[in-house]
Amino acid sequence: MAPDSVDTESIPAHVAVIMDGNGRWAEARELPRSEGHRVGLKATRRAVEFFANRGVRALTLFAFSSENWQRPPAEVEALLELFVTAIEEELPELREKGIRLRFIGAREEFPFELQARMREAETQTAANDTMTLVVALGYGGRWDILQAALRWVREKGGSGLDPAAFDDFLSTAGLPELDLLIRTGGEQRISNFLLWQAAYAELCFLDVLWPDVGEAELQDALDTYARRQRRFGRIGERRDAAHA
Ligand code: IPE
Ligand code: IPE
Ligand code: MG
């Protein structure tokens with residue numbers, strides 16, 4: 001499907017989302033937290049479709065952090081099962097829509113079955129180019145910076161280190177610069193997500209819990225982004241003057 005955006009200038013090339021609030025959504029209904037994650041997956045589906053239709057080039061979703069291993073074993077177990085079935089169930093539609101899937105994070109910490117699913121999904125969608133959907137699993141911004149530094153030292157021996165060249169060693173190598181970072185669930189923190197990559201991203205915090213997120217909330221985030229003036233350390237353009 002063709003992107004239905006009209007103003008490509010104000011559409012972010014790369015959006016990242018901290019999908020927070022599943023547990024509270026479930027607890028408010030006296031349901032197990034795992035039920036919140038299950039319903040949260042439906043919101044994830046809506047978000048993927050929404051951003052792909054708006055012409056976003058890359059969407060990075062925080063699904064499981066390095067620190068989430070510290071949750072009760074039953075919750076971790078339920079999440080791992082959900083990831084396995086979600087990859088299996090979503091793959092045909094992602095292929096149909098031309099979406100490329102990529103996973104970032106310390107994947108060797110996951111069960112072999114899940115690792116195999118990740119590899120398989122990446123292989124089967126490798127040639128797709130409508131949008132890249134990056135799922136952060138076992139991801140931490142500090143982990144990313146450290147693994148990049150380690151590989152840099154191994155491959156380059158510590159010389160010529162500069163920020164632009166370092167980008168190629170991060171797990172997000174090859175993706176567009178991060179433009180917009182959204183967090184749902186009401187907390188205003190990054191929780192060890194894309195620390196390096198968020199250097200000049202616009203931040204958008206939504207009060208709504210992830211399972212309740214739909215098109216209206218996502219459109220709000222895009223509208224907020226379109227109204228922001230990005231400066232990247234330079235001075236701002238005068239909005240009232242057409243001349244230089
Ligand atoms: C985010 O929702 C999903 C994961 C961290 C896996 P939470 O599970 O953190 O939900 P809250 O923040 O407890 O409501
Ligand atoms: C961040 O949410 C991780 C994901 C959404 C996957 P958390 O719920 O783990 O973050 P904190 O603990 O509130 O900072
Ligand atoms: Mg949370």
Side-chain angles (χ1 to χ4, degrees), residues 14-48 50-51 58-87 89-90 101-111 114-115 117-118 121 133-147 170-172 175 178 180-198 201 203-214 217-218 221:
H14 185 175
V15 177
V17 186
I18 302 175
M19 310 182 289
D20 197 26
N22 293 348
R24 278 166 283 165
W25 185 93
E27 280 160 14
R29 289 162 180 74
E30 293 186 30
L31 295 168
R33 290 175 61 87
S34 57
E35 187 58 17
H37 298 311
R38 215 181 54 76
V39 180
L41 178 58
K42 296 184 185 172
T44 306
R45 219 174 276 142
R46 292 195 287 273
V48 171
F50 175 86
F51 287 116
L59 174 66
T60 302
L61 301 177
F62 207 4
F64 192 84
S65 76
S66 317
E67 289 74 26
N68 288 152
W69 285 112
Q70 298 166 59
R71 293 198 177 188
E75 185 175 349
V76 172
E77 187 64 29
L79 279 166
L80 298 184
E81 273 174 31
L82 190 65
F83 298 146
V84 171
T85 52
I87 295 173
E89 286 173 14
E90 303 304 320
L101 202 53
R102 179 166 155 182
F103 294 92
I104 57 171
R107 65 171 81 188
E108 68 282 358
E109 292 173 10
F110 288 100
L114 181 51
Q115 290 188 42
R117 299 270 166 150
M118 290 191 231
L133 171 61
V134 185
V135 181
L137 278 185
Y139 181 88
R142 290 174 174 173
W143 164 86
D144 202 1
I145 294 167
L146 281 184
Q147 69 76 29
L170 292 162
S171 63
T172 47
L175 298 170
L178 183 60
L180 173 62
L181 173 60
I182 301 168
R183 180 174 186 139
T184 66
E187 312 289 357
Q188 304 199 352
R189 55 180 173 251
I190 293 184
S191 298
N192 196 19
F193 195 23
L194 300 162
L195 299 180
W196 174 283
Q197 296 86 343
L203 307 181
C204 178
F205 298 102
L206 302 175
D207 277 332
V208 57
L209 303 172
W210 182 248
D212 291 327
V213 169
E217 290 75 20
L218 299 172

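Note that ligands are numbered from 1 as they come in the structure, with each ligand's atoms numbered from 1 the same way. Atoms considered below: every heavy atom in the structure, side chains included; atoms not considered: hydrogens, waters and symmetry mates.
In Arg142, the CZ atom is not crowded: 12 or fewer heavy atoms of neighbouring residues, nucleotides or ligands sit closer than 6.0 Å. The environment of Glu67 atom CD is dense: over 12 non-hydrogen atoms of other residues, nucleotides or ligands sit within 6.0 angstrom.
Using a 4.0 Å cutoff on heavy atoms, Gly40 does not count as a contact of ligand 1. Every heavy atom of Gly185 sits 4.0 Å or more from the atoms of ligand 1. Not a single heavy atom of Gln70 lies less than 4.0 angstrom from ligand 2.
Among all non-hydrogen protein atoms, the one lying nearest atom 12 (O) of ligand 2 is Arg189 NH2, 4.5 Å. The nearest protein atom to atom 10 (O) of ligand 1, hydrogens excluded, is given as Gly23 N, 2.9 Å; this is a heavy-atom distance. Looking at atom 9 (O) of ligand 2, its nearest protein heavy atom turns out to be Asn68 ND2, 2.9 Å. Scanning the protein heavy atoms around atom 14 (O) of ligand 2, the nearest turns out to be Ser191 OG, 2.6 Å.
Of the polar atoms of Phe64, none of the N or O atoms is found under 3.5 Å from an N or O of ligand 1, judged by distance alone. The shortest N or O to N or O distance between Trp25 and ligand 1 is not under 3.5 Å. Backbone and side-chain nitrogen or oxygen atoms of Asp20 are examined, and one is located within less than 3.5 angstrom of a nitrogen or oxygen of ligand 2.
Remark: ligand 1 atoms within the under-4.0 Å shell around heavy atoms of His37 are 3 (C), 6 (C), 8 (O). For ligand 2 and Ile18, the ligand atoms under 4.0 Å from any heavy atom of the residue are 1 (C), 5 (C).
In plain terms, the two heavy atoms of Val76 and Asn68 that are nearest each other are CG2-O, 3.7 Å. Listed here is the closest heavy atom pair of Met118 and Phe110: CE-CD1, 4.0 Å. When all heavy atoms are compared, the tightest approach of Leu178 to Ala198 is CD2-CA, 4.0 Å.
Contact annotation: for Leu209 versus ligand 1, there are no heavy atoms closer than 4.0 Å. Contacts with ligand 1 closer than 4.0 Å are made by backbone heavy atoms (N, CA, C, O) of Met19 only, the side chain lying farther away. Contacts between Arg24 and ligand 2 below 4.0 angstrom, taking non-hydrogen atoms only, are absent altogether. Counting heavy atoms closer than 4.0 Å to ligand 1, residue Arg33 contributes side-chain atoms (C-beta onward) but none from N, CA, C or O. Using a 4.0 Å cut-off between heavy atoms, Arg71 contacts ligand 1 through its side chain alone, with no backbone atom that close. The part of Ala63 lying near ligand 2 is the backbone, judged by heavy-atom distances below 4.0 Å.
No salt bridge links Arg24 with Glu27; every basic N to acidic carboxylate O contact stays at or beyond 4.0 Å.
Rounded to the nearest 0.5 Å, atoms CG (Leu181) and CD (Gln197) are 10.5 Å apart. One distance of note links CG of Leu206 with CD of Glu187; it measures 13.0 Å at 0.5 Å rounding. The CZ atom of Arg71 sits 15.0 Å away from atom CD of Glu77, with the distance rounded to the nearest 0.5 Å.
Using a 4.5 Å heavy-atom cutoff, the side chains of Arg183 and Phe193 are not in contact. No side-chain heavy atom of Asn192 sits less than 4.5 Å from a side-chain heavy atom of Ser65.
Evaluated for a side-chain hydrogen bond (donor to acceptor under 3.5 Å, both in side chains) with Trp210, the options Asn22, Thr44, Asp20 yield exactly one hit, Thr44.
Asp20 contributes OD1 as its N, O or S atom closest to the Mg ion (ligand 3).
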